[in-house]
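To start, the structure itself, in C-alpha cells.
The basis for the numbers below is simple: all heavy atoms, side chains too, and nothing from hydrogens, waters or symmetry mates. All ligand and atom numbering here is 1-based and tracks the order in the structure. This one's a predicted model, so the numbers in the text were calculated from it and none came from an experiment.
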Amino acid sequence: MRIVITGGAGFIGSHFIRHVLQHHRDDTVVNLDKLTYAGNLENLADVADDPRYSFVKGDICDAQVVDRVVAGADAIVNFAAETHVDRSISGPQDFIRTDVLGTHTLLEAVRAHGVERFLQVSTDEVYGDIASGASVETDPLRPSSPYSASKAGADMLVLAYRRTYDTPVIVTRSSNNYGPNQYPEKIIPLFVTNALDGQPLPVYGDGRQVRDWIHVADNCAGLDQVLRQGTLGEIYNIGGGNEVVNIDLTKAILRRLGLPADLVRYVHDRPGHDRRYALDCAKLRALGWTPRTAFDDGLASTVAWYATNRAWWEKIKSGEWRRYYEQQYKGLG
Ligand code: NAD
Ligand code: DAU
C-alpha cells in the first residue's frame, strides 16, 4: 500500500509510521505534516533515510498540497489535529480549522482520487464523560471542550460522507495514549519532566478524574489492524483498559523517580473538565487485537525514556513551550 499519513511528525503519528515500516515491508509512507509547535521531525530521525518513507511539509487545510500528495495513494490515515484540550479552551479557532475543515479537505481528496481507505483517528473524548460503565461505538456524542467538539464534528462529517457519497471511511476512537516522544503539555510527559527538574506537578481540581491509559505501541497495533481489517463505515474504540485516577498517576510518577509527594500542587480546575472516560473495546477485540502493555511496565519504561532523553524535551521546553506554560500555569510556585 502507498499510505499517506497526516500529522506523522507528532506523537502517535510518528510511532505509527515506524510501526508500518517495521511490519509491512511492501508499504510506502508519505508523511504530510504542517510542523506546528507539536510536530517534530526528530521523532522520525531513525526512519528519515528509509527509501519507503518521504516527508512533505504542508497543511491538511490546503487543498492544492493535499491534492498533490493524495494522488496515487491507496489509503490515508488522518492523525493531523490540534490535540491539547487546555489550548482549545484558550484558543479554539485552530482546532475548528484543522480538526474540522482539514478533515473535510482530506475527504474531498479521497473522493476526487478514488482512495480506497480513509482512517479518521478520533478520540474517546467525543463521547463526553461517563460516570460508570464504558462507552460503546453507538453511543451519542456529548463533547465537552472545543477540542472534543471539533473532533466530534470531524467524525460526523466522515460518517456523513460514507452515507451520502459511499466514501470508504473508518473511524477509530482511542483513549489516552502515553509513551516516548509525547509533547510535554500532556499530563504524563509534563509531570515526568517537571519532576526530573524538581519542579511542581500542577494537578487540576481535586485530582480525582479518571483516564483510561493505553501505551502508544498498543494503539498503533490497533490502528493498523483497523486500517487493514476493519469494515468500511464502522467505528472502533481502542482503549487500554487501565483506568487510573490522576492523583494516583501523579504519585506513581513521583514514586518511580524516588521523589517526595510535596512536589504536588493542586491548581484550579480545567473548565468543563470531564470526570471519567472508559471504552468498551469488544468490537476491536473481535478482530483479534488486544493491548499488550501492563500499565506499570509501560509507565516505568516511559519514565525511563524521558530520564534518558533529556535533550529531546529540554529543547522543546526552552522554546514556545515556556510561553505556553507561563500563561497556562500562572503563579505556580
Ligand atoms: P500531536 O499534537 O502530538 O501531533 C499532531 C501532529 O499534527 C503534529 O505533528 C502537527 O504538526 C500536525 N498538524 C497539526 N495541524 C496540522 C495541519 N493543519 N496540517 C498538517 N499537520 C498538522 O498529536 P497526537 O497526540 O499524536 O494525536 C494524533 C491524533 O490522535 C489526533 O488526531 C488526536 O486527536 C488523536 N488522539 C490522540 C490521543 C492522545 O492521547 N494523544 C488519544 C486519542 C486520539
Ligand atoms: O482521551 C483521549 C485524549 O487524551 C486525546 O484525544 C487528547 O488529544 C489528549 O490530549 C488527551 O486529553 P486529556 O485532556 O485527557 O489529556 P491531558 O494529558 O491534557 O490530561 C489528562 C488528565 O490530567 C486530565 O484529567 C487533566 C489532568 N491534568 C492535565 C494537565 C496537563 C492535570 O491535572 N494537570 C495538568 O497540568
Any N/O pair [X]/ligand 2 closer than 3.5 Å:
X: Phe191; value: no
X: Asp274; value: no
X: His273; value: yes
X: Trp213; value: no
X: Asp86; value: no
X: Tyr277; value: no
X: Val203; value: no
X: Glu125; value: yes

Does this structure show an ion pair linking [X] with [Y], if we count only N-O contacts that are shorter than 4.0 Å?
X: Arg208; Y: Asp206; answer: no
X: Lys283; Y: Glu234; answer: yes
X: Glu42; Y: Lys315; answer: yes

Exercise for the section: Ignoring hydrogens, just give me the one of Arg208, Gln328, Arg270, Arg173 whose non-hydrogen atom is nearest atom 19 (O) of ligand 2. Expected result: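 Looking at heavy atoms only, the winner is Arg270.
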
Counting N and O atoms only, with roles assigned by atom type, does the side chain of [X] sit under 3.5 Å from a partner on the main chain of [Y], one being a donor and the other an acceptor?
X: Thr98; Y: Phe95; result: no
X: Arg52; Y: Leu21; result: yes
X: Asp212; Y: Gly239; result: no

Would Tyr183 and Tyr37 count as a ring pair (Phe, Tyr, Trp, His ring centres under 6.0 Å) if you check the C-alpha gap in whole Å, the side-chain angles of each, and the deciding distance to 0.1 Å? CA-CA 9 Å; Tyr183 193 88; Tyr37 78 91; 5.0 Å; yes

Need the ligand 2 atom indices (1-based, order shown) with element for anything under 4.0 Å from a heavy-atom of [X].
X: Arg211; answer: 15 (O), 24 (C), 25 (O)
X: Leu190; answer: 36 (O)
X: Pro202; answer: 32 (C), 33 (O), 34 (N), 35 (C), 36 (O)
X: Tyr147; answer: 5 (C), 6 (O), 7 (C), 8 (O)
X: Asp124; answer: 1 (O), 2 (C)
X: His84; answer: 19 (O)

Exercise for the section: Could you establish whether Glu185 and ligand 2 come within less than 4.0 Å of each other, counting only heavy atoms on the residue side? Expected result: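 In this structure, Glu185 qualifies as a contact of ligand 2 - some heavy atom is under 4.0 Å.
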
- Task: Evaluate the ring pair (Phe, Tyr, Trp, His ring centres under 6.0 Å) criterion for residues Trp313 and Trp321: first the C-alpha distance (whole Å), next the side-chain angles of each, then the deciding distance (0.1 Å), finally the verdict.
- Result: CA-CA 10 Å; Trp313 56 267; Trp321 179 91; 9.0 Å; no

Measure Val85 to ligand 2 on non-hydrogen atoms and call it side chain, backbone, both or neither using the 4.0 Å cut-off.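 The answer is the side chain.
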
Side chain, backbone, both or neither: which part of Asn246 has a heavy atom under 4.0 Å from ligand 2?
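Asn246 to ligand 2: side-chain contact only, backbone stays beyond 4.0 Å.
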
Practice task
Test the Arg111-Tyr165 pair against the cation-pi criterion, namely NZ or CZ under 6.0 angstrom from the six-membered ring centroid and within 45° of the ring axis.
Solution key: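 Yes, Arg111 sits over the ring of Tyr165.
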
Partners meeting side-chain contact (heavy atoms from CB on, under 4.5 Å) with Ser14 (sequence neighbours left out) =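 Testing Ser14 for side-chain contact (heavy atoms from CB on, under 4.5 Å), a comparison that skips the adjacent residues, returns Asn43, Leu44.
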
- prompt: Does a donor on one side chain sit under 3.5 Å from an acceptor on the other, for Thr83 and Lys186?
  reply: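 There is such a pair between these side chains.
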
Discussion item. When you compare the side chains of Asp67 and His113, does any donor N or O come within less than 3.5 Å of an acceptor on the partner?
Written reply: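 Yes, His113 and Asp67 have a side-chain donor paired with an acceptor closer than 3.5 Å.
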
task = Would you please indicate yes or no on a ring centroid separation below 6.0 angstrom for Tyr127 and Tyr277?
result =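 No, the ring of Tyr277 stays outside the 6.0 Å limit from the ring of Tyr127, centre to centre.
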
Are Tyr147 and His84 close enough that their ring centers fall under 6.0 Å?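 No: the rings miss the under 6.0 Å criterion.
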
*asked:* Check this for me: Met156, atom CE, are more than 12 non-hydrogen atoms of other residues, nucleotides or ligands nearer than 6.0 Å?
replied: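 No, because the 6.0 Å sphere around CE of Met156 holds 12 heavy atoms or fewer from other groups.
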
Close residues, ligand 1: non-hydrogen atom nearer than 4.0 Å: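 Around ligand 1, where the cutoff is 4.0 Å for heavy atoms, the contacting residues are Gly7, Ala9, Gly10, Phe11, Ile12, Asp33, Lys34, Leu35, Thr36, Ala38, Gly39, Gly58, Asp59, Ile60, Phe79, Ala80, Ala81, Thr83, Thr98, Val121, Ser122, Thr123, Tyr147, Lys151, Ser174, Ser175, Asn176, Asn177.
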
